[in-house]
Amino acid sequence: MKRISWPTIVVIALLVLFPLVVQSDYYRHIFILSLMWVVIGSAWNLLAGYTGQVSFGHAIFFGTGAYTAGLGVTKLGISAWWGMLLGGPVALLVGLIIGWICFRLRGPYFALATIAIGEIFRLVAIDWRSMTDGMDGILIIQSFRSKLPYYYLALALAIACVFAVYLVLRSKWGYYFVAIREDQDVAETIGISSFRYKSLSLMISSYFTGMAGAFYMNYMAFIDPHVVFSLHDISIMAILVAIIGGVGTLWGPAVGAFIMVWLQEIFRSAFFGLLPQWVSEAHVLVFGLLVIFVIRYLANGIVGDWSKITGDWFKKKQLSYSSSGN
Amino acid sequence: MDVFLQTLVAGLLIGGIYALIGIGMTLIMGVMKIINLAHGQLMMVAMYITYVLFEQFHLDPYFALLVAMPCLFVIGALLQKYLLNPLLKVDSILPENQVLMTVGIAMVLTEIIRFIFRSDYRSVKTGYSTATFYIGGISFNIAMFIAFGIAVLLTVALFFFLLKTDVGKSVRATAQNKEAALLMGINAEWITVLTYGLGSALAAAAGTLLLPIYYLFPDIGGPFTLKAFVITMLGGMGSTIGAILGGVVLGVAESLGATYISMALKDAVAMVIFLLVLIFLPGGLKTLTKI
Amino acid sequence: MEQNGVRSSTTITYRTGGANMRKLLVLLTLVLAFAVVFSTTPAWSEETVKVGIILPLTGAQAAFGEIERNSFVMAAEKVNAAGGINGKQLELLFEDDTGKPEVARSAAEKLISKDKVVMLGGGYGSSETFAIAGVAQQNGMPFLVNTGSADKITEQGWDYVFRLNPPVSAYPAALESFLTEVVKPESCAILYEDSAFGTSGSKNFAETAERLGIKVVMMEGYSKGGVDFKPLLVKVKQANPDLVYMISYVMDASLLMTQSMELRVMPKLFVGGAAGFTLPEFVKNAGNAANMVYSATLWYETLPYPGASEYYEEYVKRFNKPTEYHGAEAYAACQVIADTLKRAKSFSAEDVKTALAETDMETVFGPVKFVSYDKKINQNKLPTYLVQWIDGKLELVWPKDVASKPYVYPIDWEKVWQ
């Protein structure tokens, strides 16, 4: 536990204090979105960055979580908050099934399979109108007028997710995950069941992503299949968040989430209206250039290569991070 | 019966276009072992080149092929040389870095085009865009028919290039075993640059032939990227004949799915077939034909 | 060592092993500082009345967003030239929703809490409009919808949400009388894009058909952007309906028509449910196949509404391309906004809402008065029209008394498609 040192506490304290200092609902909103992406990015990172299974289909879990919450309202007549309890487990179940299908595939084949399944989920959600209401989407009324409950819930989720990843990495699971990432065959020869541990990693990852989806339903109060099962806006965004921040680093996705969400909003609003409108058209271009730049020159992301820049031994530490637990 | 036949014909014809899209991808995936998620976007760039040639110089899309393909060859080769190849030397956690790089490339290509041409829908209308001939009440679109023919021609040409020429043999050698190819004195880096260029040029051919019967806007690439890798996996990575087969199978499956299941689910049908192939026939159709 | 100006980062700079943590801290603090600075930026000027307009300015629907923005700008300039809002200038703040509901939501949040607008306008896509409406209602911010047309938007009992345009269920109203008086079809096929707009419209048209005793022989959705609609059209051909009703955006619309021509699908008439079928791009792309196709529409430039034809001509002159009903909706929305704000006792949300509810005026888009009917509240009721592409030009053909040209029916497709 000694690594949960006071800088972490300062960060958390700052985040706890933020909405009390900043009264503007707009900035609170952007922070809530950023925190939600911390959850998704970290969850993706556990599966891809630490276990080496690059998923292009995290929208499956996000959408499943969101629809679990939404369908609870439209079909069962229960509060969408039940989704916060049920969204994770349902997404986990879906993850388990997908893992069972896909984990026999490796590397790019696994990635392709997740894209395909993601598309299937989206198309079925659109077409299965009696169940999902198709593109009419699901609309609920937000429970709270104030942003504060959502903010603190998102913060709690983000902390829980990062902390869970941290705990997993300190345990022997984390060691197995990294072993599978480094070389699955070698891992098998030393008795690590790659299927079992890949599934475990996917379960944790899908659980948190599903929670984020359920949160999205509660907070945004409106979902439709294009939004929550989107290949571009969810699955690929999850990857970008992790890459920019640093794949295979604990804090990378968190940093990446804040960078991506803010960048998107700053550009979309043309630097809060300070620059001419056409700037707002450049936000995806900036994303793209940033991705190319980071992959080309900072292969381990901003957090991962921060140490490289400052001449630290961070990379070594990063590897031992996961093994130092036992 | 007419319904079935017309559906089949429609599927076969669209399959020809799909095949064209797939050939370039299969070449790239076969040699580099990466998924090129910028494939559809490269095709989109070629379509804009064709569009400009048509609007400004009234050049027929079939002649525009002669410009668009070399242009895309150069673009593709440069991308490989300066963006993808350097990644091989970088020590990173994920081997999929190259794939992720293609995601970035795809985004940038789309947005640059959007900057220049805006999001407006554009189209190239030629005399033969909607020209059709009929055999026993079944309609055949001429532009698609020609595209099918060119797809077959390009495949055959590529097939002989890979089989008979020295460069082609080097490409195949690199695809089979990069280390061994290096030992045999093949400049593998140059081969990858060539391959990505060729793959892009083939994508350009697909786009240019598609343009007269379709339309154009910057976001058009994404769906075709998906199609391209589905075709590649159906046919078997690196197999040109497989790409033709994969394209036709995909086209027919989508058409039949649209007619007999639901138009809205035709893409889902394609994805399910794709998954099944991935799991039960990982080598693709080429393992059945042994070509 | 870096960013000395930032309070908390300096205190932990020398901690070893926390390099990434330090980075995160620096970043967060910067972001925080940034946020505080921006949240306290004062309003530029007290002399303007700010209204937020949310439109898709980028993304796949940007073409429509642009027509609407141009029209809003034109109308606002006119308002300001005529003395503005009781002496104050009307300032429109445009926000881009990029065609995504969650971005639309962010934009609405920003306009309300940061820019402190007095009311909201815009709303193009149904999903985005719905998301904005939710935010507006929750924040007690009057929102005038001018395009988003899914029925549910005004069926939620949201008293801050007003809609100027008819809901999608009302689009085929003119078609209805045309069908009963002229065509008298016995069967129809409905093809629709599986968006909120398309689904909602198809459901409503199926009900209309049922009511008129027209048998719906086929009803099928498709995802937009397809290359090949032939499998769908083959089924239409086999079902052989009298009427094919399509709810599609512009490029799908042209492909549906060209491929119908290729397959020789020949019902008594093809009718588009507004959206894509009235745009100049439709005829440009579909060419001959667009000829004689009918479409429902909400507006036409020769309608006897005050300023309608002037608006059309000015638009064409200024932007060098034609405008259509989306533009007229936007222009009218700006007229209503200006009128409302002039009448409002103050710019508080309550007063603006009251003034908006009392609106009773003529616009280029027709008379605007918000009423409640069926499940809807604050909904403007307007007649709709039927247009037909006759030899490359869009003509108003129904109702007869306002028609710009007599309708062409019955249609000999073999001759038209030659």
Side-chain angles (χ1 to χ4, degrees), chain B residues 2-11 13-15 17-18 111 114 118-127 129-134 137-144 210 213-220 222-224 227 251 254-268, chain C residues 56-66 98-99 191-194 198-199 218 220-239 249-255 257-265 276 279-289 321 417:
Chain B
D2 266 8
V3 170
F4 178 74
L5 281 180
Q6 182 70 67
T7 307
L8 200 63
V9 167
L13 288 178
I14 195 78
I17 305 239
Y18 285 173
E111 294 311 311
R114 201 196 305 285
R118 327 275 314 148
S119 295
D120 297 344
Y121 293 107
R122 290 162 201 276
S123 60
V124 164
K125 281 289 131 189
T126 57
S129 286
T130 55
T132 33
F133 64 87
Y134 300 87
I138 305 296
S139 89
F140 292 79
N141 180 301
I142 290 173
M144 286 172 114
L210 182 62
I213 54 163
Y214 199 49
Y215 53 89
L216 185 53
F217 68 108
D219 298 301
I220 208 171
F224 288 101
K227 297 246 189 287
E254 279 189 7
S255 277
L256 291 177
T259 303
Y260 295 105
I261 300 175
S262 147
M263 182 78 183
L265 283 181
K266 82 175 165 76
D267 291 327
Chain C
L57 300 174
T58 61
Q61 287 153 357
F64 299 99
E66 203 173 306
T98 70
L191 310 179
Y192 61 95
E193 182 196 280
D194 57 7
T199 327
M218 194 184 145
E220 197 162 326
Y222 63 84
S223 350
K224 70 164 178 239
V227 182
D228 199 11
F229 290 93
K230 282 175 192 144
L232 187 63
L233 295 167
V234 167
K235 280 192 275 184
V236 175
K237 190 176 180 181
Q238 194 195 23
Y249 280 107
V250 60
M251 285 320 201
D252 293 331
S254 11
L255 287 183
M257 281 319 301
T258 49
Q259 295 179 7
S260 293
M261 178 170 91
E262 284 176 32
L263 292 179
R264 296 298 187 220
V265 181
L279 289 184
E281 281 92 345
F282 169 63
V283 74
K284 203 173 143 205
N285 205 43
N288 216 7
K321 50 184 166 187
W417 285 342

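Note that these values count all heavy atoms, side chains included, but never hydrogens, waters or copies made by symmetry. Chain naming here is simple, since letters A, B, ... match the order of the sequence lines and numbering starts at 1 in each.
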Under 4.5 Å from any heavy atom of chain C, what part of [X] do you find: side chain, backbone, both or neither?
X: B:Thr132; result: side chain
X: B:Tyr134; result: side chain
X: B:Leu210; result: side chain
X: B:Tyr215; result: side chain
X: B:Arg118; result: side chain
X: B:Phe133; result: neither

Practice task
Run the numbers on B:Tyr260 and B:Val3 for side-chain contact (heavy atoms from CB on, under 4.5 Å), then give the verdict.
Solution key: CA-CA 10 Å; B:Tyr260 295 105; B:Val3 170; 4.0 Å; yes
Best-contacting candidate, [options], against chain B by heavy atom pairs under 4.5 angstrom:
options: C:Gln259, C:Glu220, C:Gln238; value: C:Glu220
options: C:Leu255, C:Val250, C:Asp194; value: C:Leu255
options: C:Glu66, C:Lys237, C:Arg264; value: C:Arg264

Answer with side chain, backbone, both or neither: which region of [X] has an atom nearer than 4.5 Å to a non-hydrogen atom of chain B?
X: C:Leu232; value: both
X: C:Glu262; value: both
X: C:Asp228; value: both

Is there a donor-acceptor pair closer than 3.5 Å between any side-chain N or O of [X] and the backbone N or O of [Y]?
X: B:Lys266; Y: B:Ser255; answer: no
X: B:Ser262; Y: B:Ala264; answer: yes
X: C:Tyr249; Y: C:Gly225; answer: no

Practice task
Pick out which of B:Leu13, B:Asn141, B:Thr7 makes a side-chain contact (heavy atoms from CB on, under 4.5 Å) with C:Lys230.
Solution key: B:Asn141
Exercise for the section: Give me the one residue out of B:Val9, B:Thr259, B:Leu256 that meets side-chain contact (heavy atoms from CB on, under 4.5 Å) with B:Phe4. Expected result: B:Leu256
Problem - C:Lys284 and C:Glu281 ion-paired at < 4.0 Å - result: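 No, C:Lys284 and C:Glu281 are not salt-bridged.
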Practice task
Drop me the distance from B:Met144's CE to B:Ile14's CD1, to the nearest 0.5 angstrom.
Solution key: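 It comes to 3.5 Å.
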